[in-house]
Amino acid sequence: KKLKAHHDGQDEDDFSSRQAAFQQAKRSPTFYHPPGISPLSFGNRALPSHSLKSPHFPVEIRSPIQYNEIRYMHNPMKTMHSIHMNQFERKVITMPLVGTTEMFKKAYKGHYAIGAFNVNNMEIIQGIMEAAKEEESPVILQASEGARNYAGQEYIVGLVKIALQDYPEIPTALHLDHGSSYEICKACIDGGFSSVMYDGSKHPFEENVKVTKQIVEYAHDKGVVVEAELGRLAGVEDMVSVDAKDAIFTDPDQAAEFVERTGCDSLAIAIGTSHGAYKYKGDPYLDYERLEKVGKLLPGYPIVLHGASTVLEKCNQYGGKGRGAKGVPEDMLRKAATMAVCKINIDTDIRLAMTSAIREALYKDPSNFDPRNYLKPARNAVKEMVKHKIEAVLGSAHTI
Ligand code: G3H
Ligand code: 13P
Ligand code: ZN
């Protein structure tokens, strides 16, 4: 616990001091543009000239992802390292990824939640970060095992690293979503993630406790936070009977015992949400009573809600076939965010937004075969969806 606090404290201090340096660089009246090179980072603002005097260009690489540096680029495909670095000095304002401890503390007190959005490629990451910037909201970028298999862990880490450079003002966490084993969690911790989830919810309680605890020990030693899960996210069944709810939803007493025994930093619980686009056959339902009990037994402790997409209308336009899809109404999620829920996971709504935009672009211009022509509106649709979630569901706008 002590070690964890130490790491978390350091993390936040580091972020704050770097953010202050960034704000100072922004205010500086003198700007220097190295000849022929346009400064693209920091929202197109150049660095103050006094920071660029030395003939040396010290490269200070601390870890592949925890830190990054301001870059000048003359071509978006070429980084600082490929241009003449000895012509000017960089002003190093490195922005680390952050853990979720501080984010959740503020969210709990402020009765809002942080959005955790699943990322699989560049366009999704860019759309989310742009939305976070416009809304002035912290954000959690999360990659599932499927995302790691699709894009490759290092591509995801690399893309997020660049996002940190472009959005230094946004507190950003990189989180493993639904890690299924100690080994995968370890690989992400070692690879630079600032947060991991171990999902042992399908295992017996004792086994879930045992593996979660092992991961917590490894993660905390490296300053990384751990989310765990207890209870099963129900399928599309209508959760009406008390017995059915008790069998599937998280038991509040067990949740308190689980947190105590594992030391996990946040806990995903089952109270009626489920993954994907087909969540309810009948009326949407969230067990607020259960959530309240968990909140009472674990005061101040951050609870996570998975399966929190709403499945907005647009999915069936332009040839989409999402008939019968139904999600969690946004006002229900908003209410949960005012309670103990500090992290809300959204993937399906981003998929729907992106795919709808691509369908629309291809439908409206069947002669279009340039991926940029449909990925650009798709990226914009991700941005608009995330902005909407921040405003209508999370309540995390203007909190940084
Ligand atoms: O909860 C799961 C997320 O929606 C990630 O889905 O495993 O298909 O990447 P995925
Ligand atoms: P949705 O499928 O409802 O978007 O849930 C995503 C999720 O829980 C990711 O872990
Ligand atoms: Zn999930």
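Each ligand, and each atom within it, is numbered from 1 in the order the structure gives. Nothing fancy with the numbering, it's 1 onward along the sequence. On a predicted model such as this, the values are computed, not experimentally measured, just so you know.
To the nearest 0.5 Å, atom CD1 of residue Ile124 and atom CZ of residue Arg351 are 8.5 Å apart. Here CD1 of Ile303 is found 8.0 Å from OG of Ser266. Values are rounded to the nearest 0.5 Å.
Below 30°, between 30° and 60°, or above 60°: for His178 and His275 the angle between ring planes is above 60°, a perpendicular geometry.
Here the protein heavy atom with the shortest distance to atom 9 (C) of ligand 2 is Asp177 OD2, 3.1 Å. Here the protein heavy atom with the shortest distance to atom 3 (C) of ligand 1 is Asp347 OD2, 3.3 Å. For atom 8 (O) of ligand 2, the closest non-hydrogen atom of the protein is Gly307 N, 2.8 Å. Looking only at heavy atoms of the protein, atom 2 (O) of ligand 2 is closest to Thr348 OG1, 2.6 Å. Scanning the protein heavy atoms around atom 6 (O) of ligand 1, the nearest turns out to be Arg351 NH2, 3.0 Å.
Side-chain N/O atoms of His220 and Asp265 include a donor and acceptor closer than 3.5 Å. When only modelled atom types and interatomic distance are considered, Thr262 and Thr212 share no side-chain donor-acceptor pair under 3.5 Å. Between the side chains of Gln142 and Lys343, at least one donor N or O sits under 3.5 Å from an acceptor N or O. A side-chain donor-acceptor contact under 3.5 Å links Lys245 and Tyr285. Judged purely by distance below 3.5 Å, without hydrogens or angles, the side chains of Asn373 and Asp365 never pair a donor atom with an acceptor atom.
Residue Asn118 has no nitrogen or oxygen atom sitting less than 3.5 Å from a nitrogen or oxygen atom of ligand 2, judged on distance alone. Taking any N or O of Gly276, backbone or side chain, at least one lies under 3.5 Å from an N or O belonging to ligand 2. By the 3.5 Å distance cut-off applied to N or O atoms, Asp349 is not counted among the residues near ligand 2.
In plain terms, the two heavy atoms of Glu229 and Ser201 that are nearest each other are OE2-OG, 3.5 Å. Scanning both residues, Cys342 and Tyr108, for their nearest heavy atoms gives SG-CD1, 3.6 Å.
With a heavy-atom cut-off of 4.0 Å, Ala277 does not touch ligand 2 at all. If you look at Asn120 next to ligand 1, there are no close heavy atoms at all, none under 4.0 Å.
For ligand 1, the atoms lying closer than 4.0 Å to a non-hydrogen atom of Asn118 are 3 (C), 5 (C). Residue contact check: Ile346 has heavy atoms under 4.0 Å from atoms 4 (O) of ligand 2. Atoms of ligand 1 lying under 4.0 Å from any heavy atom of Asp177, numbered from 1 in the order shown and given with element: 1 (O), 2 (C), 3 (C). Listed by number with element, the atoms of ligand 2 under 4.0 angstrom from any heavy atom of Gln142 are 9 (C), 10 (O). The atoms of ligand 2 that sit less than 4.0 Å from any heavy atom of His178 are 10 (O). Atoms of ligand 1 lying under 4.0 Å from any heavy atom of His178, numbered from 1 in the order shown and given with element: 1 (O), 2 (C).
One option in His306, His275, Lys279 has a heavy atom closer to atom 3 (O) of ligand 2 than any other, and that option is Lys279. Evaluated by nearest non-hydrogen atom to atom 9 (O) of ligand 1, the leading choice among Gly146, Ala116, Ser144, Ser274 is Ser144.
Of all N/O/S atoms in His275, NE2 sits nearest the Zn ion (ligand 3). Shortest distance from the Zn ion (ligand 3) to His306 is reached at ND1 (N/O/S atoms only).
Under the side-chain hydrogen bond (donor to acceptor under 3.5 Å, both in side chains) test applied with Lys383, the options Glu130, His388, Glu134 reduce to a single match, Glu134.
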Does the pair Val98 and Met103 meet the rule for a side chain to side chain contact (heavy atoms under 4.5 Å, CB included), with working shown? CA-CA 9 Å; Val98 294; Met103 284 184 193; 3.5 Å; yes
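Other residues, nucleotides and ligands place more than 12 heavy atoms under 6.0 Å from the OH atom of Tyr218.
Not close to ligand 2: Met197, with no non-hydrogen atom less than 4.0 angstrom away. Proximity of Gln142 to ligand 1 is not established, as no heavy-atom distance is less than 4.0 Å.
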